[in-house]
Amino acid sequence: FEELGFAVFGAACIVDAAYRLRVSPPGVLLVNAEQEGCTAPDVCRWVRHAPGAAKLPIIVYDAESGPAAEQAVQEAGGSVILPAPVDTGLLVRAAVRLLNA
């Protein structure tokens with residue numbers, strides 16, 4: 001992403017992510033479905049209810065494949081779901097497409 005001119009930041013936990021989203025809202029949010037402490041649908045719901053983030057594009061990657069898992073992410077507000085194992089090129093293209101929309 002940085003090679004394409006996009007600023008990138010990571011967050012080690014949900015508290016750090018909340019702070020960064022509030023202080024410096026991104027153009028797109030990437031959420032790894034394989035994280036500890038909360039599920040990808042939980043993160044999507046939390047972001048959708050955060051002030052100013054209702055329309056923030058959210059890409060959930062390394063997600064479980066299957067209709068039920070994908071539906072849970074979509075219903076929670078995920079914009080794009082990329083199943084595991086994620087192809088880095090596909091992830092970058094999806095993010096750039098959302099950033100340029």
State yes or no: do [X] and [Y] share one hydrophobic cluster built from I, L, V, M, F, W and Y residues joined by side-chain heavy-atom distances below 4.5 Å, directly or via other members?
| X | Y | result |
| --- | --- | --- |
| Val73 | Val80 | no |
| Leu56 | Leu99 | no |
| Val8 | Leu29 | no |
| Val23 | Val47 | no |
| Val43 | Tyr19 | no |

What is the distance from atom CG of Leu91 to atom CG of Leu30, rounded to the nearest 0.5 Å?
->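 Between atom CG of Leu91 and atom CG of Leu30 there are 5.5 Å.
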In Å, rounded to the nearest 0.5 Å, how long is the span from CG of Leu82 to CG of Asn32?
->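 Separation between the atoms: 11.0 Å.
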Who pairs with Gln35 by side-chain hydrogen bond (donor to acceptor under 3.5 Å, both in side chains), at least two apart in sequence or on another chain?
->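 Partners of Gln35 by the side-chain hydrogen bond (donor to acceptor under 3.5 Å, both in side chains) criterion come out as none, since no residue qualifies.
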Report yes if some heavy atom in the side chain of [X] is under 4.5 Å from a heavy atom in the side chain of [Y]; otherwise report no.
| X | Y | result |
| --- | --- | --- |
| Phe6 | Val96 | yes |
| Asp87 | Arg93 | yes |
| Val28 | Phe1 | no |
| Tyr61 | Val31 | no |
| Glu75 | Cys44 | no |
| Leu21 | Pro26 | yes |

Return yes if some donor-acceptor pair links the side-chain N/O of Asp62 with the main-chain N/O of Val86 below 3.5 Å, else return no.
->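 Indeed, once roles are kept as given, a pair shorter than 3.5 Å links the two residues.
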Which heavy-atom pair separates [X] from [Y] by the least distance, and what is that distance?
| X | Y | result |
| --- | --- | --- |
| Ser24 | Phe9 | O-CE2, 3.9 Å |
| Gly77 | Ile58 | O-CD1, 4.0 Å |
| Pro57 | Ser79 | CA-OG, 3.4 Å |
| Trp46 | Ala17 | CH2-C, 4.3 Å |
| Ile81 | Ala63 | CG2-CB, 3.6 Å |

Got a sec, which pairs hit salt bridge (charged side-chain N to carboxylate O under 4.0 Å, His left out) with one end in residues 45-54, sequence neighbours left out?
->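 Residue pairs with at least one partner in residues 45-54: Asp42-Arg45.
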